[in-house]
Every structure is written in structure tokens, then in C-alpha cells.
Visitor: 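First the structure, then my questions, so here it is.
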Amino acid sequence: MSIEERVRQQMELITSGTVEVIPEEEMRRKVGTSLSTGRPLTVKLGVDPTRPDLHIGHSVPLTKLRHFQQLGHQVVLIIGDFTALIGDPSYQDVTRPVLTEKEVERNARTYIEQAERVIDTTRARVVRNSQWLSPLNFKEILVIASRFTVARVLERDDFSNRYSEGKPIGLHEFLYPVMQAYDSVVIEADIEIGGTDQKFNLLAGRNLQRAMGKEPQCVLTLPLLEGTDGVRKMSKSLENDVGLTDPPDEMFGKLMSIPDGIIWEYFRLVSRVEPVEIEQLKARVESGEANPRDAKERLAVEIVGMYHGPGEAERAAAEFRRVFSMRELPERIKTVEIPRSRFSDGGMWVVDLVVYLGFVSSNGEARRLIAQGGLTIEGEKVEDADLELAAQQVDGKVVRKGKKTFARVELV
RNA sequence: GGGGGAGUGCCCGAGUGGUUAAAGGGGGCGGACUGUAAAUCCGUUGGCGAAGCCUACGUAGGUUCAAAUCCUACCUCCCCCA
């Protein structure tokens, strides 16, 4: 096969699912040079260990890294343990809270573990940017920083919005893109990938490399995954995320709760279902032949399968049908032990029971729950908030709050 | 260094002496409906075994029969000028 043909093949996989490749021609040239010299390209992805968990949104760039691995290139995962101390100001409307080094380190470790679910970390270089950022002295920092201008940084919407709204911008936040750019200089990245929100930071790397006499990297941006609310970008802090370590049932439920409108985006970005098949499925739903619920179920099975295996995915699907479609009891219900002593004088007050089970955090909330008909014991609705329960009325019985919270009581 | 402005419940935000546990929205919780934990609609959303009583509007004092609202000091933040 000719070099040109192989370049074309590689580019097809590389550019699939991307938003922008900047500049595309240069990327093609790099791939060509790599193929003809046998030298793999260095592909960089930087992640900030500001949070202890990765969610399926993070798997979008990780999946792209895996594509590069498949093509034989060298992947570098940069754990931004140093940059995390500042926090990326991209698309933030407030200064991020400062993390302690200990928190960052703990997050960094879980990041690596979780990245292993998507890429082959044995073949990837995993490095921490504190390695080279931490030893820099003030003079060196000034030399690097002088390659950037305030006007340039202020062009960014996130900064200019905050600025015009009178919100504070820490001086250190200006240095964030500078540091990320310097990472590219140090590891001599050929390509850096990131979400579209990273475009400025990614291009900063390209500019700094050029300014410092290195070959500038190409930049590849990927779409941001919307959260399960279908409105905002997926983020743990917005609580609209699907965590990579979420248990199967929870992961499944969260995926079933996404609005219909973003089903296809999820399929494209975080599942392994082939594009052709996605299009067919979409067409069937749009023609009314198939139900969106079924498409969503398919999606949930795929994704849960990726992280927990197909067996667990099927189990979670069956469980979901049972609990939410059929309104039956789940297969596994957590058991809560209650000492018999709580029943000593006559019985246990329902309100106490609900609080004890951890269903609510106050008596008032328990009363409200009962008043609104959201509490059942062994399938029977509790109508009276003053109800006293005898031991045999609850022992071994299933208490249910709303649709999705269950506990089996066991007296000890 | 000078001048001005702001701090309200989980979040945003209204309220400038009394019917204010505090409008409205978001989020949460519950219910109805369904195709699902979508969408939509409705209810609810400080604590106390619920009577009444506590606690709450940056912090501490004060004025008043009565304070989120007025006064004083302090803390924190922001803006403008230099």
C-alpha cells in the first residue's frame, strides 16, 4: 500500500468525530513523515486532576488517544498535577477553588486508574507536569510569559465576560494557558487533543513552541459531551455526569434519564456502535417505527457493557425494566438492621423509621413524604405520620420511598 | 491613597420597620401521566413527636413594643479614580 493511501487511512480515523483539525494540511504532512520515517507521532492529552472521578465525557478524548495508539503513535497522558493547583479558567465564570497538593495527588492516582479503562496505559507515557513546572524559577517564568500578551488572553470570552461583569480574575489564571503551552514544549508534542473549550490553550501550545524554536504542534478539538440534563456540559460538579466507576445500575439509570434529544450525540461520542448502525437506529426512531426508549436502552446497554462487561449490562437492563417499567421490587435490596431495643415501649414511630433508614434527613421531611403518599411498607401506602409500628410489622419488610429508594428491614 | 457599591435560605435573586420562615426562578423531593429516572402538569422544599416554640437574611453590639429592613463597629468581596 502506498504511503499516500496509508496517510489517507490514518487521517480518516484521526479526524473522525473531531470538531476541528488545525491545520489539517500540516497534520496530513506530519502523518506522512511519520509513516515514511517510521517515527511515531507524539500525541498529547492533558488532564487536570481537580476531581477524583472521570466521567464518560472524559472518555471522548481518551477514545481519540486510543485511535492514535491503534495507529502506532506515541501517546502522552499529562497529569496536570501542577496546573491543577491553579485550575483551568476555561469556560469558568468564577475563579476555581484552590486544591491542596494532597488532594491533587489522590485525584491523579484515580485518574490514571480510570484512564486504563479506555487506553492501553502500558504503551502510553504517563507524566506529571509538576516534574518540569515546579522547578522553574521566576526569571524563567517571565521569559516564557513574555511570549503572550494580555490583550491576547483577554480576547477569550470567559475572561472578557468575567472582566466586563466585574468578576475577579486572578493574575495566576492568566498563566494557566502559558503552563499548558509549556508542557507541549517540554514533551515536544506533535499533536495535542482536547475539547473545544480547550482551543485557546491548545493553540497557545502551538504558538509557544514556534516562539521557542520548536516545531509547532497540530491541534485537534473534540466535541464536549452534554450532561444528563441535556443542557450543560457534563461535569461532576453540576451533578449531571455518568461516572466511569458508577455501579452498573446507577450508570444504566442515568443513561436512561437523558433527554431524547441527545441520544444520538451520546451514541456517536461515547459508544462503540458503528456510525452506520446509529444512522439506521435514528431513522427508525424518527419514522416512529422504533421507540426512543428502546434506543436509549440500547445506548445504556452499550455503555454499561464497556465499563462493567456485557453480563452486568444485561442484568442492569433487566433490573431497570423490573423496577421502573413494571414497578416491581429490585432484585437486590439493601438490608438495614434495626436493634429491637428501638421497639421497647410499644413500637417505632414511622417518622423515626424513615429517618433511621436514611431516606430523609429530618422528621419534617419524613412527614412531608408521608403526606404526599411517597412511602410504602411492603407495598402498602403509609397514610398516617403518627403511625406506631410494632416489631412484626417491619421485620423482614420492604420499605420504599418514591419510585427508586428501597430498604429491607431486619431486626437484630 | 481617595470615592462608591455589595454580602439574604442548597444556588441565583426580590424584599428597605410589623399579615416575612422571607416573592420569583433554578435545583431537590413527592405525586399524576408515560415510553423512562425523557417531556409536561401538580404539590412540596429550616428544625423540633408539630402544640406551640426555637433557629435563620456576613459578624458583634445598639435603637425600638417590633428589625433582613434603622444606627455603630468589624470582617469579606467588587467597582471607579490615582
Side-chain angles (χ1 to χ4, degrees), chain A residues 93-95 97 161-171 226-232 235-243 246-267 281 284-301 303-304 316-328 330 342-376 381-389 399-406:
Chain A
D93 52 5
V94 288
T95 306
N161 286 343
R162 276 162 68 180
Y163 191 70
S164 58
E165 282 166 24
K167 289 180 177 163
I169 302 170
L171 192 53
E226 283 180 284
T228 53
D229 55 5
V231 180
R232 296 169 299 188
S235 146
K236 175 97 173 168
S237 45
L238 295 175
E239 294 181 332
N240 63 358
D241 66 316
V242 179
D246 283 350
D249 289 337
E250 191 182 335
M251 199 181 244
F252 198 94
K254 282 180 178 179
L255 290 165
M256 288 303 282
S257 81
I258 64 173
D260 292 352
I262 61 173
I263 295 174
W264 313 111
E265 188 191 335
Y266 269 48
F267 263 114
L281 198 52
R284 287 179 48 218
V285 168
E286 279 168 358
S287 70
E289 192 185 330
N291 195 303
R293 199 206 78 92
D294 299 328
K296 240 194 273 192
E297 185 178 287
R298 171 74 200 282
L299 176 75
V301 168
I303 294 173
V304 174
E319 184 78 352
F320 188 88
R321 271 183 239 119
R322 173 162 46 229
V323 178
F324 297 108
S325 303
M326 320 295 289
R327 290 285 173 99
E328 288 169 12
R342 309 274 306 199
F343 290 83
S344 54
D345 44 313
M348 187 176 192
W349 186 27
V350 237
V351 167
D352 268 346
L353 175 72
V354 181
V355 173
Y356 191 94
L357 293 173
F359 285 0
V360 295
S361 53
S362 71
N363 291 8
E365 209 178 315
R367 284 174 185 280
R368 255 175 255 138
L369 178 70
I370 293 164
Q372 295 183 133
L375 183 74
T376 60
K381 189 181 283 185
V382 176
E383 311 271 6
D384 179 13
D386 293 319
L387 186 67
E388 293 286 341
L389 295 157
V399 183
R400 175 176 195 162
K401 174 203 168 204
K403 296 192 187 77
K404 51 186 178 182
T405 316
F406 304 84

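Convention: sequence-line order gives letters A, B, ...; per-chain numbering from 1.
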Visitor: What contact category does A/Lys254 fall into here, base, sugar-phosphate, or nothing, at under 4.0 angstrom with non-hydrogen atoms?
Guide: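 No contact at all - A/Lys254 keeps every heavy atom at 4.0 Å or more from the nucleic acid.
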
Visitor: Separation of A/Leu357 atom CG from B/C29 atom P, in whole Å?
Guide: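 It works out to 18 Å between those atoms.
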
Visitor: Tell me which nucleotide among B/G49, B/G35, B/A37 gets nearest to the side chain of A/Lys403.
Guide: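 Side chain of A/Lys403 sits closest to B/A37.
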
Visitor: Sugar-phosphate atoms are those with a prime plus P, OP1 and OP2; base atoms are the rest. Using that split, label each nucleotide of nucleotides 52-57 of chain B B, S or - for protein heavy atoms under 4.0 Å, 5' to 3'.
Guide: ------

Visitor: So, using salt bridge (Lys or Arg N to Asp or Glu O under 4.0 Å) as the criterion, who are the partners of A/Arg293 when residues are at least two apart?
Guide: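 Salt bridge (Lys or Arg N to Asp or Glu O under 4.0 Å) check on A/Arg293 returns A/Glu297.
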
Visitor: What's the gap between B/U69 and B/G58 when it is taken at their C1' atoms, as a whole Å value?
Guide: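 Nearest-Å result for B/U69 against B/G58 at atom C1': 15 Å.
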
Visitor: Does a side-chain heavy-atom distance below 4.5 Å link A/Met256 with A/Phe324?
Guide: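 The answer is no, as the side chains (C-beta and beyond) never meet within the 4.5 Å cut-off.
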
Visitor: For nucleotides 43-48 of chain B, read 5' to 3', which letter fits each nucleotide if B means a protein heavy atom sits under 4.0 Å from the base, S means only the sugar-phosphate is that close, and - means neither?
Guide: BSS-SS

Visitor: To the nearest angstrom, how far is A/Arg322 atom CZ from B/A37 atom C1'?
Guide: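 Value for this atom pair: 17 Å.
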
Visitor: Which residues satisfy the ring-ring contact (aromatic ring centres under 6.0 Å, His included) test with A/Phe252, sequence neighbours excluded?
Guide: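 Result, ring-ring contact (aromatic ring centres under 6.0 Å, His included) vs A/Phe252: A/Phe320.
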
Visitor: Side-chain contact, heavy-atom cut-off 4.5 Å: A/Lys296 with A/Leu255?
Guide: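 Side-chain contact under 4.5 Å: no.
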
Visitor: Would the base of B/G49 count as contacting A/Asp386 through its side chain, where contact means a donor and an acceptor less than 3.5 Å apart?
Guide: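 Absent.
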
Visitor: Side-chain contact test, heavy atoms from C-beta onward, threshold under 4.5 Å: evaluate it for A/Val285 versus A/Asn291 and give yes or no.
Guide: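 A/Val285 does not reach A/Asn291 side chain to side chain.
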
Visitor: Mark this stacking check for A/Phe324 against B/A37 as yes or no, applying ring centres under 5.5 Å and ring planes under 30°.
Guide: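 No; centroid distance or tilt outside limits.
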
Visitor: Run the side-chain donor-acceptor check on residues 357-375 of chain A: report pairs under 3.5 Å with partners two or more places apart or on a different chain.
Guide:
unit_1, atom_1, unit_2, atom_2, d
A/Ser361, OG, A/Glu365, OE1, 3.1
A/Ser362, OG, A/Glu365, N, 3.2

Visitor: Hey, does A/Pro292 reach any base, or is it just sugar-phosphate, or nothing, if we go heavy atoms under 4.0 Å?
Guide: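 Here A/Pro292 touches the bases of the nucleic acid.
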
Visitor: Reading RNA chain B 5' to 3', what string of ( ), [ ], | and . shows its pairs, if Watson-Crick and G-U wobble pairs count only when both distances fall under 3.5 Å?
Guide: ((((((((.[[[..)..(.....]]]((((((.......))))))(((...)))...[[[[[..)....]]]]]))))))).

Visitor: So which nucleotide from B/U36, B/G49, B/A38 ends up closest to the side chain of A/Glu388?
Guide: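 Among B/U36, B/G49, B/A38, the one nearest the side chain of A/Glu388 is B/G49.
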
